[in-house]
Amino acid sequence: MTEKTLKTHAVRLVLGDQLNPAHSWFSSGDPGVLYVMMEVRQETDYVRHHAQKVIAIFAAMRAFAAALVEQGHRVHYVRIDQPESHLPMGEILDRIMLDTGASVLEYQEPDEFRLDELLKAHMVHAEASGNYAGRMVSSEHFYTGRHQAQSMFKPGVRWLMETFYRQMRKRHAVLLDAKLEPEGGQWNFDSENRKAWKGVPPEPADFRPLHDHSVLWQQILQAGVKTFGNPSAADFHWPVSRREALVQLETFVTGVLPYFGDFQDALSSKARRLFHSLLSFALNTKMLSPQEVVERVARAWREGHAPLPAAEGYIRQILGWREYVRGVYWATMPGYESHNFFDHQADLPDWFWTGKTRMACVSAAITQSLDMAHAHHIQRLMVIGNFALLAGLNPHALHQWYLGIYIDAFEWVELPNTVGMSQFADGGGLATKPYVSSAAYLDRMGDHCRDCRYDKRQKTGDSACPFNALYWEFYERHHRRLAHNPRIGMAYRQLEKMQPDVKDALMEKARALRADLNAL
Ligand code: FAD
Ligand code: DLZ
């Protein structure tokens, strides 16, 4: 029986990051609806992805399709080892529409500008040719609808994250008391979230399920998809179904959340995860909703299982930062991807693909990223991103690296974080000052300096930690662009006070470092 004989009136496309079982599409069964999911080269090849990212997305897509079929829905699934996977998405959709005779193609709003434009243009063409009608519906995932985000963040309106976050807390009645004031009398407990970790309490055990995806990995390899990073089944722990994602949420909330606040900004050579939730993949593929995660964390506090600074700190990441960067993305695309405020042009050193640099903190963060397609926020921002900004790496090349390597990287969230927050390449649209530091900060928040080949105390000479000279030269080099910023006045005052010979030596050292980044 062909799909035509089943009388399909509508085809509905589900993208790889739209695995939301609570979407209203699935609340009732309609035998006239055919769901389409596809593993396609168009999506695997727009950037080179980490092997685990491709495996995780395909495994989660397959689990989602199987769950739909189990519920009685009809699904047309294109696997990566089928010849169709080489076709553009639009052509596959046209074929299915022709084969089924369906008159309507529905799709959920894509989170990425590229795909949004592509599908929009495809629907306009299909409708103009009289082939079928296209209809975009909400993905029913975020707190802030896409149009609402676009109008809130419209050009000329400057939204500080903190202002946005407070408004979100009020609008969605999160952590508010009976008088609609913030619980604990404070909106933000950030100042309590900056402790270094000395090994106590111990890093939580990783209860995530271990998956063997070797069959899927062979299919990906045979299809010729180019990836990088560790594909090893032995290291694959990402949740690939809603059931697994819920278990992960529960183990985080019950055993880890109480310490999240304290060690949110910590770095450690002995703990890769520290007290982070590892929920970003499940959230960004929509297996979990942000509302249920926020509600579960708020409940943990209400029931006395987590301190308020931990719960507030965690909720701020999701209700605040996650929604905020999405607003920035939709308000500034297209164009945000090409910002380069400092005109930084250096290539990424080769060790971005091997982790083989002698800077212990950078090596650990990159090696971990290659091993598990994840690094926590401070590794992404204050280790890798900090180095990239000080060294003058090209922000667009860096954006592509971040977009490829992390399990949770989808452009709507990765791009503002990399180009805006981490590289200040938008000139301060998102961040109020560049996130840069010398070795002192890295040493205060972590323990990598102890066993590093470089010396955190030295600024010049062969053994000096590269972050030191690079830090001062960054400020000197960008004096014209940054000196007026009141948040960094202190750095410029220190530079002014520096003895000329000390300053010259620092500048010379930094220029030598930047001339041969591969040697670090
Ligand atoms: P936790 O530390 O447990 O935080 C909980 C949740 O809060 C995360 O799962 C995430 O959904 C949300 N969150 C926290 N910080 C942010 C933030 N700055 N922006 C948006 N959401 C946030 N996050 C991504 O989801 N995808 C990315 O591609 C991504 N790229 C980044 C690139 C750079 C340069 C930087 C500095 C940060 C990036 N982040 C990205 C934000 C953050 O680092 C990750 O969300 C986090 O490390 C994911 O691990 P986790 O789930 O254990 O997070
Ligand atoms: C990231 C990704 C990859 C690697 N592969 C697919 C795929 O084969 N099919 C698919 O539907 N989605 C994939 N994705 C996720 C999409 O790129 C994602 O939908 C967009 O980035 C929009 O956020």
Side-chain angles (χ1 to χ4, degrees), residues 2-4 8 11-19 34-66 68-69 74-102 105-127 129 131-132 134 136 213-229 231 233 236 240 284-285 337 373 400-401 403-405 407 409-411 414:
T2 69
E3 275 161 352
K4 202 168 201 163
T8 303
V11 167
R12 288 175 174 170
L13 171 68
V14 180
L15 294 169
D17 61 351
Q18 296 179 337
L19 312 180
L34 178 68
Y35 290 97
V36 174
M37 299 180 74
M38 39 179 129
E39 299 170 2
V40 275
R41 298 303 293 268
Q42 173 195 306
E43 295 307 304
T44 57
D45 294 5
Y46 61 77
V47 74
R48 190 171 286 213
H49 297 279
H50 194 294
Q52 289 190 32
K53 184 176 172 192
V54 181
I55 295 172
I57 287 173
F58 288 0
M61 285 172 71
R62 290 179 186 196
F64 190 78
L68 288 185
V69 170
R74 290 165 56 218
V75 179
H76 177 105
Y77 195 94
V78 177
R79 280 197 327 262
I80 197 70
D81 57 351
Q82 292 174 278
E84 267 176 296
S85 69
H86 282 270
L87 297 175
M89 248 183 198
E91 208 173 314
I92 302 177
L93 290 171
D94 280 347
R95 286 184 180 195
I96 294 170
M97 295 305 286
L98 191 68
D99 193 32
T100 56
L105 173 62
E106 294 183 324
Y107 65 104
Q108 297 175 26
E109 53 192 1
D111 284 334
E112 190 177 337
F113 184 81
R114 168 190 62 87
L115 209 45
D116 189 55
E117 290 288 293
L118 196 141
L119 286 171
K120 231 187 280 168
H122 190 79
M123 299 308 153
V124 168
H125 184 257
E127 289 200 22
S129 327
N131 293 341
Y132 53 84
M136 185 173 90
H213 289 303
S214 37
V215 173
L216 171 56
W217 176 236
Q218 283 313 311
Q219 290 172 357
I220 293 168
L221 279 181
Q222 274 157 22
V225 177
K226 299 273 179 293
T227 62
F228 69 110
F236 190 98
V240 293
N284 293 353
T285 50
E337 73 290 0
Q400 290 187 308
W401 183 84
L403 183 58
I405 198 165
I407 197 83
F410 297 90
E411 197 185 75
E414 176 278 329

For Leu15 and Met89, what are the C-alpha separation, side-chain angles and deciding distance, and is it a side-chain contact (heavy atoms from CB on, under 4.5 Å)? CA-CA 10 Å; Leu15 294 169; Met89 248 183 198; 3.4 Å; yes

Set out, in order, the CA-CA distance, both residues' side-chain angles and the distance that settles side-chain contact (heavy atoms from CB on, under 4.5 Å) for Thr44 and Ile220, then state yes or no. CA-CA 10 Å; Thr44 57; Ile220 293 168; over 6 Å; no

Check the pair Glu112, Tyr46 against side-chain contact (heavy atoms from CB on, under 4.5 Å), reporting the backbone distance first and the verdict last. CA-CA 12 Å; Glu112 190 177 337; Tyr46 61 77; 3.7 Å; yes

Derivation and outcome, side-chain contact (heavy atoms from CB on, under 4.5 Å), residues Gln219 and Phe58: CA-CA 11 Å; Gln219 290 172 357; Phe58 288 0; over 6 Å; no

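Taking all atoms of both residues into account, the shortest heavy-atom contact from Ala102 to Tyr132 is O-CB, 4.2 Å. When every heavy atom of Ala56 is checked against every heavy atom of Val240, the shortest pair comes out as O-CG1, 4.0 Å. When all heavy atoms are compared, the tightest approach of Ala51 to Gly229 is CB-O, 4.1 Å. Residues Gly404 and Val47 come closest through the heavy atom pair CA-CG1, 4.2 Å.
Using bins of under 30°, 30° to 60° and over 60° for the plane-to-plane angle, the ring pair His122/His125 lands in the tilted bin. The aromatic rings of His213 and Phe236 sit perpendicular, their planes meeting at an angle over 60°, well past the 30° parallel limit.
Rounded to the nearest 0.5 Å, atoms CD (Gln108) and CG (Asp17) are 9.5 Å apart. Rounded to the nearest 0.5 Å, atoms CD1 (Ile57) and CZ (Phe64) are 14.0 Å apart. Within the model, atoms NE2 of His49 and CD1 of Ile405 stand 12.5 Å from one another, a figure rounded to the nearest 0.5 Å. The OH atom of Tyr77 sits 11.0 Å away from atom CE of Met38, with the distance rounded to the nearest 0.5 Å. Put simply, CD on Gln42 and CD on Glu91 are 11.0 Å apart, with the number rounded to the nearest 0.5 Å. Considering CZ of Arg48 and NZ of Lys53, their distance stands at 13.5 Å, rounded to 0.5 Å.
Under the 4.5 Å side-chain criterion, counting only non-hydrogen atoms from C-beta, Glu337 is not in contact with Phe113. Here the side chains of Phe410 and Asp111 are not in contact, with every heavy-atom distance at 4.5 Å or above. With contacts defined as side-chain heavy-atom distances shorter than 4.5 Å, the pair Arg74/Thr8 qualifies. Proximity of His76 to Val11: side-chain heavy atoms (C-beta onward) are nowhere separated by under 4.5 Å. Under the 4.5 Å side-chain criterion, counting only non-hydrogen atoms from C-beta, Leu105 is in contact with Met97. Counting only heavy atoms from C-beta outward, the side chains of Thr227 and Ile55 never approach each other to under 4.5 Å. By the 4.5 Å heavy-atom criterion applied to side chains, Gln18 and Met37 are not counted as neighbours. Between Met136 and Asp116 the shortest side-chain heavy-atom distance falls below 4.5 Å.
In terms of modelled atom types and a separation under 3.5 Å, the side chain of Arg41 and the main chain of Ala223 share a donor-acceptor contact. The backbone N or O of Glu39 lies less than 3.5 Å from no partner atom in the side chain of Gln82, so there is not a single donor-acceptor pair.
Checked against Leu87 for a side chain to side chain contact (heavy atoms under 4.5 Å, CB included), the options Ile92, Val40, Val78 give a single hit: Ile92.
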